[in-house]
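Since the structure comes first, as structure tokens, the remarks are kept for the end.
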Amino acid sequence: MLRIPCPWCGTRDEVEFHYRGDASVSRPAAEGTPEEFTRYVYGRENPLGWHLEWWLHVGGCRRLLKVERHTLSHEIRWVGAPDQHPSAESPPQPVPQRAP
Amino acid sequence: MRGPARIGQGLLTDAARRIGFEFDGAALEGLAGDTLASALLANGRQLVGRSFKYHRPRGIVTSGFEEPCALVDVIGAAGREPNRLATTLPVSEGLVAVSQNRWPTLKLDVLSLNDLLGRFLPAGFYYKTFMAPGWAWERVYEPLIRRAAGLGKLEAIVADHAAPAEIVHDHADVLVVGAGSAGLAAAQLLGAAGLRVLLAEQDVVLGGGTLLDPRWGAWREETCRRLAALPAVRCLVRTAVLGAYGHGVFGALETLCPEERARFGGLRERLRIIRARRVLLSCGALERLIAFPGNDVPGVMLAGAALRFLRCYGVAPGRQPVFFVNNDEAYEAALALAEAGVRPAAVIDPRPVGLGAARAQAAGIEVLAGTVVTRVFGRRGVRGVRVAAPGRADRIIEADSLLISGGYTPATSLGSQLGGRLEWQERIAAFTADPPSFAGRNAGAARGLVGLAAAAENGARAGRALAAELGCTLPPLASGPQLPPDRSATPLAPLWEVRAAGKAFVDLQNDVTAEDVRLACREGYQHIEHMKRFTTCSMATDQGRIGGLVAGAVLAAALGKPLAEVGQVKPRPFAEPVPFAALAGGEVRGHYKPRRRLPLHDWHERSGATFVNTGLWLRPLVYSGAAGWEPVLEEARAVRRSVGITDVSTLGKIDVQGPDAARFLDFVYANTFSSLAVGRARYGIMLREDGMLFDDGTTSRLGPTHFLVTTTTANSAAALEHLEFHLQAVCRDLDVVLTDVCDQWAQFAIAGPRSREVVASVVPDLDLSNAAFPFMAVAGAKIAGIPGRVFRISFSGELAYELAVPAAAARTVWEAVLEAGRPCGIRPYGLDALNTLRIEKGHVTTAELNGNTSADDLGFQRMLKKSGDFVGRTLAARSALTAPERLQLVGVRAVDRAQRLRNGMQLVAPEARSSSLGYITSSTPSVELEGWVGLALLAGGRQRIGTRLLGSSPIHAESTELEIVSPHMLDPENTRVRA
């Protein structure tokens, strides 16, 4: 069972969240072609490795989290707000875990 | 003197307290603290069961949870509980236990015939048999197999019997699994460092291997005393850790002893969900067997188990024991028995004479070095053994028990489940699995160490390291009793199998022999996971704990590969069998799911409503206890002719506010809301991004930047999430706040030709004339004196209003409306009547808006806005979603007005009845029209209006001629709602 460190509520059990899919895809602009929208809705890399994804904290603050999780070990190495991105300024690091 | 017996005192038994119990009808006596196994041995019983396939006589093989053979049924006041392990079942006064899997008696079992037919029943025989004749499968083979399968008897247990269990959540800095010398040492250090420690021990007492060596008594007592004095350390006994689930989450099953059970009102188990920052796996190592012919005869037992029976229960497994071991640790049992007055006849050791053997010889025990056992004499009990050594004649040694040891296998389940890799340890000829460092550590025998002192030191070191990792400093520890030094030992020489004539078992519970493993290999099942499933080795309740590695070694030999390459099967939770009741905890019967109740639930109940579960809600279906349609149709008629009131509080309601509220709604809805005037409502549809219909509802504009969105009941949670996701991920720059207000507002629909006069009398301050308050108008107003909102919207197709008031005021307003409507004959109506009315009107619900329909399918294509982006716009334009042959919404009427319709009836052409053209989604007897009406999804439906088809329900053997009509069967000009 995952324990997800919500930046606002602290580390909570997986059951408090709903998975909302791949966060590495962005909605095309209004003028986007059907092919672009098809890729946005259906196309997924499905990597074995680090995966950027959305989790909505429905059982808590109801905020949307962007989470970087390893699809094999389920290790979570980065969590941020929707407008953030793991990068040089906010690098992947051991996610601070508050006492359970 | 032959056979097992009680020869002295034990650490766990109390000689002063005798307990009477029954086994297979015989009244026997044991001592308080005995397990059923130790008590049976004390009473001279070796034969306790019959094996699964061959029905061979079986005895007690181990002294703990890894027991493969001594399974019994316990007959209690409330029923029969199968498959209890005699080695862990405590003896209590009046316990009634019976052996399993034999008929008519344990001594004389008719099905032991299977043993003689063993040639035809090897592993996997069922893949090649039971194939012909075809008719025999259902009538002969299946009933026979069902009868023969399984071990214990499962009797239907009356619902009220289910013993209570509870689920407990634990939090700790470190979970220490196993309270042997390593675990106790580590827990002491971690506790002294101030960390919260949870020490989980499967056994009934703390101590593990220290219980078997009298020199360790003082250290164990002192350490346990220190642990008890540390407030942040909790020691749980009878608690088995079931599995590792990642992220520091572990499951454990705590079984309560009879005294605790009485204290906690009959509670039997606690399922513990543990969240820990780190884990210390000090779960030890389990002794393994050797595969040789006859290694399953009652009286053949693991040497370590014999030592435990002696030390803990004062029971000797036999009076003339013989030992067959390949390691020095097992000699402790021989020496202990000799000291207690039961001198082993011989110790058979395949190695040359080593340190352990020398100690045995010094105690007067004969050691046959370089020798192996090739045969066991006796069927219902050991009578003797035949031993062989190269270059010497075979010998036959008389014995009444054979104590064997093939070495110790570290427990790797939890380490593996945490992601640790198997590593081969040559010294102990077994695997270890270290957990990843971010999860925790192994310590002691689980790491492959030998000796209690080595384990204790290792546990202390691991404890210190974990404490440092968690940022704690260790205070200087008061020195305790000295660790008794480990004796030097000669390393083991791996011995997996002795090849000789006869069945040599690797899995005693599923009756898998070494030959079966080789058969699997010959048949091509060469990967150990394939061999496991083909032979069923390690698939029984003991999970191959004492023989799995041996089977792997047999496989390795057959493949010509080293065992290090063959590996072990992947272990999965649960480690122990868990009763379903423990998993359910308190969430049974009425507590299985949360129930959402309407604010007026009590009123509905007292008024005789029959309730239905829709999702988590309890909603009134009809205000009558009578069966049939008549009460429902009466309610619907009252609405069509006069006025009725229904509770629609379950609708999803979302308050949307902010400068960009209108822009946001334009984005999530397919139609336009920015053009909606203040004080008006509009029907809206939402699409998914893939262009399919997602939800519908009526959204009202309460102010320039203030909207109230409603959703269907079924989709209310999903719709709220849909909005929140798009607001936070896609429309991040919009200034909008969403608030779920579903539970805050109670909402009632008052519908019917006389609804205006009823509403007017409870809302005196609002001009409700058609000109001032037209269809789709919205206003705030005092309703029966309560500030609320009035919406003129209609789901039923009649003139109607919806009143929204704060949930706490629901009763006041509802009763005021009933009072005001009395002259009009107002009636409450439930979900069934509501459904009848809306079907006649052609309004869709989630029965039609089912996730597979597009806007065009339901006739909403014109609602999609022409300009401006919205969720689903681009992909909704795909031609396949508007293709003319798609399932489209139509109405249906039975041609024969007396015939009923059914939801799910398939629409077919009379000349092609097995080809479905669509199906009925909703149906009802009509109050407005004659006969039954319904809505359906029909291929190319709009083109087929005016034609006739058949509605076919093969399950009900019904076939009804149908007219295909427009779904707007009632008042298509909407004169009633606009009146």
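What's counted below: heavy atoms across the whole structure, side chains too, no hydrogens, waters or symmetry copies. Lettering follows sequence order; numbering is per chain, from 1.
The side-chain heavy atoms of H57(A) and E724(B), taken from C-beta on, include no pair separated by under 4.5 Å. Contact annotation: the side chain of D869(B) never approaches that of E31(A) to less than 4.5 Å [non-hydrogen atoms, C-beta and beyond].
Contact record, R27(A) with F870(B): NH2-O, 3.2 Å, taken as the closest heavy-atom pair. Annotation for T874(B) and G32(A): closest pair CG2-O, 4.1 Å, computed over non-hydrogen atoms.
When heavy atoms are compared at a cutoff of 4.5 Å, R873(B) approaches chain A solely by way of its side chain, counted from C-beta outward. Both the backbone and the side chain of R20(A) come within contact range of chain B, with heavy atoms under 4.5 Å apart. F250(B) does not touch chain A: none of its heavy atoms, backbone or side chain, sits under 4.5 Å away. Only the side chain of L56(A) has a heavy atom closer than 4.5 Å to any heavy atom of chain B.
Atom NE2 of H591(B) sits in a sparse spot, with 12 or fewer heavy atoms from other residues, nucleotides or ligands closer than 6.0 Å.
The candidate from R732(B), R688(B), R878(B), E721(B) with the greatest count of non-hydrogen atom pairs under 4.5 Å with chain A is E721(B).
Proximity to chain B at a heavy-atom threshold of 4.5 Å picks out P34(A), F37(A), T38(A), Y40(A), V41(A), Y42(A) from residues 34-45 of chain A, in numerical order.
In this structure, the side chain of Q728(B) engages the main chain of R62(A) through a donor-acceptor pair within 3.5 Å.
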As a quick check of understanding, evaluate side-chain contact (heavy atoms from CB on, under 4.5 Å) for M1(A) and H247(B), giving each step before the final call.
CA-CA 7 Å; M1(A) 169 163 81; H247(B) 285 226; over 6 Å; no
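Taking a cutoff of 4.0 Å between a charged side-chain nitrogen and a carboxylate oxygen, D13(A) and R275(B) qualify as a salt bridge.
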